[in-house]
There are 2 protein chains.
Amino acid sequence: MKSKDEQKESTIIRATLQLIFREGLAGLKMSNIAKQASMAVGTLYIYFKNKEDLLNHLFLYFKRESMTQLAQKIDFAQPFKVNFKQLWHNYLAYAVDNPEQATLLEQLHYSPYLRPEVVAETDKLLQPIRDMLDEGKRQMLIKNTDNELLLAFLSGSINQIARRFHENDRKLSPELREQAFDMTWDAVRA
Amino acid sequence: MKSKDEQKESTIIRATLQLIFREGLAGLKMSNIAKQASMAVGTLYIYFKNKEDLLNHLFLYFKRESMTQLAQKIDFAQPFKVNFKQLWHNYLAYAVDNPEQATLLEQLHYSPYLRPEVVAETDKLLQPIRDMLDEGKRQMLIKNTDNELLLAFLSGSINQIARRFHENDRKLSPELREQAFDMTWDAVRA
DNA sequence: TTTGGAAATGAATATTTATTCACTTAACTT
DNA sequence: AAGTTAAGTGAATAAATATTCATTTCCAAA
């Protein structure tokens with residue numbers, strides 16, 4: 001018998017990502033996903049129950065992927081600021097290299113498609129970062145401020161910087177990235 | 001003869017806002033807009049050519065409204081930092097009091113509905129803020145950094161703070177707002 | 001108070017889009 | 001190499017949704 005091609009699931013998800021980025025979630029059609037992924041519409045339904053199911057899987061898939069990227073080169077033996085800086089640059093690099101994702105996760109988050117339990121599950125992925133911020137506060141290196149405020153400040157500024165530069169076709173030079181990091185560090189340091 | 005009710009246009013726009021916020025742009029249906037606005041579907045087509053037209057009008061409408069709010073109590077006779085702080089608090093207050101807008105503008109921005117010329121027009125509305133930032137740099141009060149970077153940093157962090165707190169049903173106390181402003185000021189000051 | 005005309009209505013229609021399913025193809029098993 | 005079974009296909013169908021339009025309601029002028 002013919003066996004399921006395991007790569008297809010991710011092919012479909014990535015094709016969907018491209019389309020949402022190009023045309024928005026509101027313009028997403030199953031027939032277009034099939035075309036973009038070079039397969040028949042029917043095939044989509046072999047891998048995912050329906051459109052809603054596909055979108056929930058996609059949300060989790062990219063949240064997990066982004067968290068993996070974020071954790072690159074983080075080494076808890078290093079001093080706090082070294083790790084903080086690495087994390088910040090990882091986040092920015094991911095947002096810059098994958099401008100589609102931020103847009104996508106944003107749009108999905110406020111759509112009738114996403115199931116609440118999937119949203120809750122992704123929030124748990126942030127725990128290691130919360131722990132890291134707590135450690136920074138314990139060492140009195142960063143301001144003793146609410147974690148949600150810190151997280152919102154960090155993620156909001158990074159995403160928006162990546163988005164605006166991408167939208168205007170501008171490159172974020174290493175110098176600009178350094179300037180942006182300095183702003184962030186000045187903002188959070190004690 | 002019966003005359004056109006001028007308020008209806010804004011009634012429709014506001015009803016649409018509510019719905020996009022509740023169900024996302026992807027879930028937006030003309031029939032629901034009509035229900036939310038307590039009128040018949042056909043009436044929508046008296047005030048707007050079609051769905052796309054309605055959404056473009058709505059985008060401009062709220063961009064303009066938010067800029068008006070932002071300019072409240074700004075007085076160019078005041079010192080730079082006073083105005084900067086007022087502007088920042090105006091922006092945060094608007095984002096907190098109108099959590100729907102940010103979500104909506106975000107979603108619309110990346111949709112097949114929005115016409116490019118409408119996007120370009122809204123970008124021009126930011127010019128007074130760019131001028132203000134330039135003035136701060138001239139007085140050597142803020143870092144001499146790219147305006148787009150500064151704007152992205154400011155708007156991204158504020159929007160995300162307002163959004164996350166609203167999403168988690170948490171109130172942003174005056175103390176937290178002060179802390180957030182201090183972070184921002186530390187970030188931008190020379 | 002009558003009447004002309006635009007606003008408002010919402011069931012009917014047109015259009016778009018998700019999903020199914022009868023059929024074909026490919027890979028594995030014996 | 002024949003048989004078996006699941007993957008893959010895409011035209012056909014179902015479902016959802018935008019838009020129209022024949023009819024009714026309302027207002028203002030005559």
Side-chain angles (χ1 to χ4, degrees), chain A residues 1-59 61 104 107-108 110-115 118, chain B residues 1-59 61 104 107-108 110-115 118:
Chain A
M1 71 151 191
K2 193 170 177 180
S3 68
K4 220 174 195 170
D5 179 351
E6 282 313 323
Q7 265 186 241
K8 270 214 170 104
E9 200 165 307
S10 112
T11 301
I12 294 171
I13 283 181
R14 293 187 172 278
T16 308
L17 168 71
Q18 299 295 332
L19 286 175
I20 296 179
F21 182 62
R22 269 219 305 281
E23 323 235 301
L25 183 62
L28 185 70
K29 284 156 221 148
M30 294 301 270
S31 55
N32 286 157
I33 297 175
K35 201 183 298 169
Q36 175 84 19
S38 310
M39 58 184 74
V41 231
T43 310
L44 301 177
Y45 289 85
I46 293 170
Y47 292 89
F48 301 97
K49 199 152 70 58
N50 53 31
K51 188 176 177 182
E52 190 227 76
D53 185 49
L54 162 55
L55 290 171
N56 278 280
H57 276 270
L58 172 138
F59 188 77
Y61 179 95
L104 162 109
Q107 301 223 358
L108 260 180
Y110 297 91
S111 78
Y113 297 116
L114 218 59
R115 293 193 294 272
V118 172
Chain B
M1 71 154 192
K2 193 170 179 180
S3 66
K4 217 174 195 169
D5 178 351
E6 282 313 324
Q7 265 184 242
K8 270 214 170 103
E9 198 165 308
S10 112
T11 301
I12 294 171
I13 284 182
R14 292 185 174 279
T16 308
L17 168 71
Q18 301 294 332
L19 286 175
I20 297 180
F21 182 61
R22 271 219 303 281
E23 321 235 302
L25 183 62
L28 186 69
K29 284 155 221 151
M30 295 301 270
S31 55
N32 285 348
I33 297 175
K35 201 183 298 167
Q36 176 84 19
S38 310
M39 58 184 73
V41 232
T43 309
L44 302 177
Y45 289 85
I46 293 170
Y47 292 88
F48 301 96
K49 198 152 70 60
N50 53 31
K51 188 176 178 182
E52 191 228 75
D53 186 48
L54 163 55
L55 290 170
N56 278 280
H57 277 270
L58 174 140
F59 188 77
Y61 180 95
L104 162 110
Q107 300 224 356
L108 260 181
Y110 296 93
S111 77
Y113 297 116
L114 218 60
R115 293 194 295 270
V118 173

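Scope of the values below: all heavy atoms of this structure, side chains included, with no hydrogens, waters or symmetry mates. So you know, we letter chains A, B, ... as the sequences are listed, proteins then strands, and number each from 1. A quick note: this is a predicted structure, and the numbers were derived from the prediction, not measured.
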- [ ] Give a yes/no answer on whether the side chain of B/Y45 brings an N or O atom under 4.0 Å of OP1 or OP2 in C/dA8.
- [x] no
TODO: Return the value, rounded to whole Å, for the distance between atom NZ of B/K8 and atom C1' of D/dT25.
DONE: 12 Å
Task: A/A40, nearest nucleotide to its side chain (from C/dG10, D/dT9, D/dA18) - done: D/dT9
- [ ] Give the rounded distance in Å between these two atoms: CG of A/L54 and P of C/dA18.
- [x] 11 Å
Open item on the list: Rounded to whole Å, how long is the line connecting atom CG of A/N50 with atom P of D/dA15?
Closed with: 14 Å
Task: Rounded distance (Å) that lies between atom C1' of D/dA15 and atom NZ of A/K51 - done: 13 Å
Open item on the list: Between A/T43 and D/dT9, is there a contact of a side-chain N or O with OP1 or OP2 at under 4.0 Å?
Closed with: yes
TODO: Report the distance from atom CE of B/M39 to atom C1' of C/dA8, rounded to the nearest whole Å.
DONE: 10 Å
Task: B/L54 side chain near B/H57 side chain, heavy-atom distance below 4.5 Å - done: no
TODO: Quickly work out the B/M30 CE to C/dT13 C1' distance and round it to whole Å.
DONE: 16 Å
Task: Closest listed nucleotide, where the reference is the side chain of B/I46 and the choices are D/dG8, C/dA18, C/dA8 - done: C/dA8
Open item on the list: Within the 4.0 Å heavy-atom criterion, would you say B/L28 contacts the bases, only the backbone, or no part of the nucleic acid?
Closed with: sugar-phosphate
Open item on the list: Regarding A/F48, tell me which of base, sugar-phosphate or nothing describes its non-hydrogen contacts under 4.0 Å with the strands shown.
Closed with: nothing
Task: Contact check, side chains of B/L25 and A/L25, non-hydrogen atoms, under 4.5 Å - done: no
Open item on the list: If we ignore hydrogens and angles and just use 3.5 Å, is the side chain of A/K8 paired with the main-chain N or O of A/M39 as donor and acceptor?
Closed with: no
Task: Whole-Å distance separating the CG atom of B/N32 from the P atom of D/dA18 - done: 9 Å
Open item on the list: Given 3.5 Å as the limit, does a donor-acceptor pair link the side chain of B/N56 with the main chain of B/R115, or not?
Closed with: yes
Task: Given B/L55, B/I12, B/T43, B/L58, the one that forms side chain to side chain contact (heavy atoms under 4.5 Å, CB included) with B/F48 - done: B/I12
TODO: Starting from the 5' end of DNA chain C, give me the residue, A/K49 or A/K29, whose nearest nucleotide shows up first.
DONE: A/K29
Open item on the list: Just the rounded figure in Å: distance from C1' of C/dT19 to CG of A/D53.
Closed with: 14 Å
